[in-house]
> 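Below you will find the structure I want to go over with you.
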Amino acid sequence: MQEKSIFQMILDKEIESEIIYEDDQIFSIKDINPAAKVHLLIIPKKRINTINEVKNEDKDLIGSMVLVAKELAKKYEIDQSGYRLVWNTNSDGGQTVFHIHLHLLGGEKLREF
Ligand code: 5GP
């Protein structure tokens with residue numbers, strides 16, 4: 001059995017972090033080291049290490065994560081100004097926590113790439 005991810009520890013209240021959204025499958029927190037004025041993480045309760053491990057059976061879950069991101073963008077009033085959704089994967093993608101999460105970034109003009 002692999003060790004708990006930092007996000008699982010947050011969900012289990014072993015590490016302090018305000019949970020700003022939660023349902024039966026998904027939760028969301030503010031990123032501890034924000035890369036933009038608004039930087040939220042949308043995280044499935046199910047442990048999936050990287051996007052490479054997403055299966056057909058996870059289609060609804062991944063879709064629900066995007067819908068949660070959309071609602072949070074509205075709640076944080078960045079839906080009209082604009083925002084970015086990012087999944088970092090493995091080393092070249094800059095992934096540091098191996099429990100998939102969707103970054104929601106906005107609240108300012110983001111660097112173009
Ligand atoms: P990744 O680099 O894997 O795409 O993103 C992981 C994100 O989790 C990073 O942006 C990092 O700042 C954030 N993070 C890591 N540890 C914690 C923590 O304990 N609490 C919160 N709120 N965010 C964390």
Side-chain angles (χ1 to χ4, degrees):
M1 180 123 149
Q2 62 185 341
E3 59 186 45
K4 269 189 187 186
S5 71
I6 198 127
F7 297 149
Q8 187 63 50
M9 290 186 209
I10 287 170
L11 190 60
D12 293 345
K13 314 264 186 261
E14 293 165 11
I15 294 178
E16 171 69 33
S17 184
E18 185 194 354
I19 295 179
I20 57 169
Y21 172 87
E22 182 171 8
D23 63 29
D24 57 332
Q25 294 192 100
I26 294 163
F27 66 105
S28 179
I29 56 175
K30 291 184 180 171
D31 198 291
I32 202 169
N33 185 21
K37 281 193 185 138
V38 177
H39 188 173
L40 309 179
L41 302 172
I42 296 98
I43 308 163
K45 293 183 175 176
K46 175 181 176 181
R47 175 75 178 267
I48 302 172
N49 291 334
T50 80
I51 289 293
N52 288 334
E53 276 84 65
V54 170
K55 298 196 172 84
N56 244 338
E57 68 200 34
D58 302 316
K59 271 197 290 198
D60 281 354
L61 176 62
I62 298 295
S64 297
M65 290 173 71
V66 173
L67 290 174
V68 168
K70 179 196 81 166
E71 288 305 321
L72 287 172
K74 197 167 172 194
K75 182 176 173 191
Y76 282 79
E77 298 179 328
I78 59 170
D79 54 325
Q80 297 308 312
S81 52
Y83 55 92
R84 188 171 288 162
L85 297 177
V86 177
W87 309 89
N88 292 330
T89 303
N90 280 339
S91 140
D92 281 0
Q95 185 175 6
T96 57
V97 177
F98 289 83
H99 177 154
I100 62 164
H101 48 282
L102 182 57
H103 293 260
L104 168 59
L105 299 139
E108 63 186 285
K109 183 82 180 157
L110 300 171
R111 194 166 42 86
E112 289 178 19
F113 66 92

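The first residue of the sequence shown is numbered 1, and numbering continues consecutively from there. Indexing begins at 1, ligand by ligand and atom by atom, following the structure's order.
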> With a 6.0 Å cut-off on the ring centroids, do H101 and H103 count as close?
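Yes; H103 has its ring centre under 6.0 Å from that of H101.
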
> Return all side-chain donor-acceptor pairs below 3.5 angstrom for residues 104-113, not counting sequence neighbours, or 'none' if the list is empty.
residue : atom : partner : partner atom : Å
E108    : OE2  : K37     : N            : 2.6

> Given D31, which of L41, V38, L40 fulfils the side chain to side chain contact (heavy atoms under 4.5 Å, CB included) condition?
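For D31, the side chain to side chain contact (heavy atoms under 4.5 Å, CB included) test succeeds with only one of L41, V38, L40, which is L41.
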
> Anything under 3.5 Å between an N or O on ligand 1 and a protein N or O? List each pair with its distance, or write none.
residue  : atom   : partner : partner atom : Å
ligand 1 : 2 (O)  : G94     : O            : 2.9
ligand 1 : 2 (O)  : T96     : N            : 3.3
ligand 1 : 2 (O)  : T96     : OG1          : 2.9
ligand 1 : 3 (O)  : T96     : N            : 2.7
ligand 1 : 3 (O)  : T96     : OG1          : 3.2
ligand 1 : 3 (O)  : V97     : N            : 2.9
ligand 1 : 3 (O)  : H101    : NE2          : 3.0
ligand 1 : 4 (O)  : N88     : ND2          : 2.8
ligand 1 : 4 (O)  : H101    : NE2          : 2.9
ligand 1 : 4 (O)  : H103    : NE2          : 2.8
ligand 1 : 5 (O)  : H101    : NE2          : 2.9
ligand 1 : 5 (O)  : H103    : NE2          : 3.3
ligand 1 : 10 (O) : D31     : OD1          : 3.2
ligand 1 : 10 (O) : D31     : OD2          : 2.5
ligand 1 : 12 (O) : D31     : OD1          : 2.5
ligand 1 : 22 (N) : K30     : O            : 2.8
ligand 1 : 22 (N) : I32     : N            : 3.4
ligand 1 : 23 (N) : I32     : N            : 3.3

> So how far is it from T89 OG1 to I100 CD1, rounded to the nearest 0.5 Å?
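Nearest 0.5 Å value for the OG1-CD1 distance: 9.0 Å.
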
> Please list all pairs meeting salt bridge (charged side-chain N to carboxylate O under 4.0 Å, His left out) that have one or both residues in residues 68-81, counting only residues at least two apart or in different chains.
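Sorted pair list comes back empty.
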
> Would you list the pairs meeting side-chain hydrogen bond (donor to acceptor under 3.5 Å, both in side chains) in which at least one residue belongs to residues 7-26, sequence neighbours left out?
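Only K4-D12, K4-E14, Q8-D12, Y21-D23, E22-K45 qualify under side-chain hydrogen bond (donor to acceptor under 3.5 Å, both in side chains).
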
